[in-house]
There are 2 protein chains.
Amino acid sequence: MSSNNPNTRERILRSCWELLESGEGGAVRMSDIARKAGISRQAVYLHFPKRAELLIATTHYIDEVKDVDGRLARSRQAGRGLERLDAFIEAWGGYVPEIHGVAKALMAMMANDADAADAWRGRMEALRQGCQAAVDAVHNDSKLTPDLSPQQATDLLWAILSVGNWELLTRECGWRQEDYIRHMKTAARKILIKNNPGRNTARI
Amino acid sequence: MSSNNPNTRERILRSCWELLESGEGGAVRMSDIARKAGISRQAVYLHFPKRAELLIATTHYIDEVKDVDGRLARSRQAGRGLERLDAFIEAWGGYVPEIHGVAKALMAMMANDADAADAWRGRMEALRQGCQAAVDAVHNDSKLTPDLSPQQATDLLWAILSVGNWELLTRECGWRQEDYIRHMKTAARKILIKNNPGRNTARI
DNA sequence: TCCGTAACTTGACACGGTGTCAATTGACGG
DNA sequence: CCGTCAATTGACACCGTGTCAAGTTACGGA
């Protein structure tokens with residue numbers, strides 16, 4: 001852990017991050033990361049025995065650098081259910097583009113590598129809990145639509161906010177990040193919030 | 001094409017299909033497909049020089065066997081915009097579980113293989129056109145919500161109906177296929193359809 | 001000053017999967 | 001009986017991951 005040279009370890013993580021984030025199409029190889037970090041390929045294996053480990057360590061590193069926990073925690077402090085839903089979507093939506101490269105690499109590994117699959121599942125579980133908290137907040141305000149159980153609402157919100165959807169909308173369809181956030185907010189409201197007769201529920 | 005022994009070619013396609021569909025976790029190798037088809041690995045390459053080619057040929061084969069074109073075409077005959085949207089979701093939603101295995105394999109290849117990426121993009125383009133047709137039908141009925149352009153509505157519907165979302169909801173969340181269809185219909189209506197004051201737009 | 005340790009390098013190699021090549025077999029039709 | 005075409009067999013190149021062993025360099029402590 002901290003017995004290793006922290007500089008090298010961190011340089012590896014940064015290199016991995018930058019390579020993945022700079023898209024550059026093809027898959028990022030261990031040797032690419034090593035070259036970018038200015039060390040030998042084997043040195044990478046000294047710090048991260050498996051590629052999957054390096055990838056998840058990179059997501060944790062990004063979390064730390066970007067203070068993701070802080071951002072998500074702050075989103076939970078919004079008082080009323082609706083604002084809390086908005087705040088959560090905003091926090092998560094702002095997070096996605098930052099981990100997108102790593103997420104994509106991890107998802108690509110899932111088919112072959114069980115470890116990678118577990119790691120990614122774990123991260124998605126965290127998102128799920130955020131969704132559940134938001135749904136619960138809405139539910140406690142008696143604003144949840146009657147045609148969805150809290151569980152189903154959580155599932156749906158979770159799917160809507162998935163990294164895959166973000167990628168589709170911003171990358172394939174060319175949406176700007178702010179449009180993505182805005183439309184996700186209104187979509188989530190339309191889907192989850194009880195229809196308040198005579199009042200437009202989708203006002204934003 | 002038809003100069004090759006059609007039996008062998010078809011046996012390969014069926015084997016590929018069945019292996020992919022039977023999940024069995026790990027990636028399906030060319031040798032697995034060959035073994036299942038009862039031929040040598042090289043014979044597979046005789047018919048499909050690249051793995052990506054085999055995969056897309058398999059999707060086309062499934063399309064043919066399951067009469068996908070027919071089903072989607074029929075969904076376009078529903079008269080009014082709303083029914084047409086429902087019919088399209090039903091047709092597509094019934095299609096997804098059948099191509100899911102192949103889709104997953106193709107998506108896993110996308111990161112590394114440009115051909116696979118193009119092939120998959122092409123298939124998704126077909127879905128997109130279906131979405132666009134459905135949105136246009138709604139729009140022509142003046143039922144499209146004012147906060148979405150037809151283009152944005154198409155993008156959104158397309159993302160919502162993506163294979164990834166189907167997988168998340170049915171596989172990870174354990175939704176039954178019929179629940180998936182039902183909730184997608186109501187979600188699509190809530191998101192796309194103009195809010196008809198005094199009337200619950202989400203009636204289904 | 002020298003020893004030991006820990007990080008890193010160098011170069012080799014095994015493994016698994018894709019894709020290629022060449023020589024061979026076997027069946028079927030003209 | 002001959003050609004042709006599908007399929008077989010076995011070998012091999014390539015690439016990326018992961019492992020191993022031996023050598024280098026720097027640094028800290030007795």
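No hydrogens, no waters, no symmetry mates; every other heavy atom, side chains included, goes into these values. To find a chain, count down the sequence lines: A is the first, B the second, and so on, and within it residues start at 1.
Between Asp113(B) and Lys50(B) there is no salt bridge, since no side-chain nitrogen of the basic residue lies less than 4.0 Å from a carboxylate oxygen of the acidic one.
Legend: residues meeting side chain to side chain donor-acceptor pair (under 3.5 Å) with Trp92(A), ordered by chain and number and at least two apart, are absent. Under the side chain to side chain donor-acceptor pair (under 3.5 Å) criterion, Tyr61(A) pairs with Glu10(A), Arg14(A), not counting sequence neighbours. Contacts of Glu53(A) classified as side chain to side chain donor-acceptor pair (under 3.5 Å), with partners at least two apart in sequence or in another chain: none.
Rounded to an integer number of Å, the gap from CZ of Phe48(A) to C1' of dC8(C) is 15 Å. Regarding Glu10(A), its CD atom lies at a distance of 17 Å from the P atom of dA7(C), rounded to whole Å. Atom P of nucleotide dA7(C) and atom CD1 of Ile12(A) are separated by 12 Å, given to the nearest angstrom. In this structure, the CG atom of Asp32(B) is 13 Å from the P atom of dG16(C), given to the nearest Å.
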Item checked: Heavy-atom protein contacts under 4.0 Å, nucleotides 12-27 of chain D, coded B base, S sugar-phosphate only, - none -> ----SBBBB-------

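Counting only residues at least two apart or on different chains, no salt bridge (charged side-chain N to carboxylate O under 4.0 Å, His left out) pair has a member in residues 156-165 of chain B.
At the phosphate of dA6(D), neither OP1 nor OP2 sits under 4.0 Å from any side-chain N or O atom of His47(B).
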Identify each donor-acceptor pair in which a side-chain atom of residues 72-82 of chain B lies under 3.5 Å from a protein atom, sequence neighbours left out, and give them as a table.
residue	atom	partner	partner atom	Å
Arg74(B)	NH2	Asp67(B)	OD2	2.9
Ser75(B)	OG	Leu72(B)	O	2.7
Arg80(B)	NH1	Asp141(B)	OD2	2.9

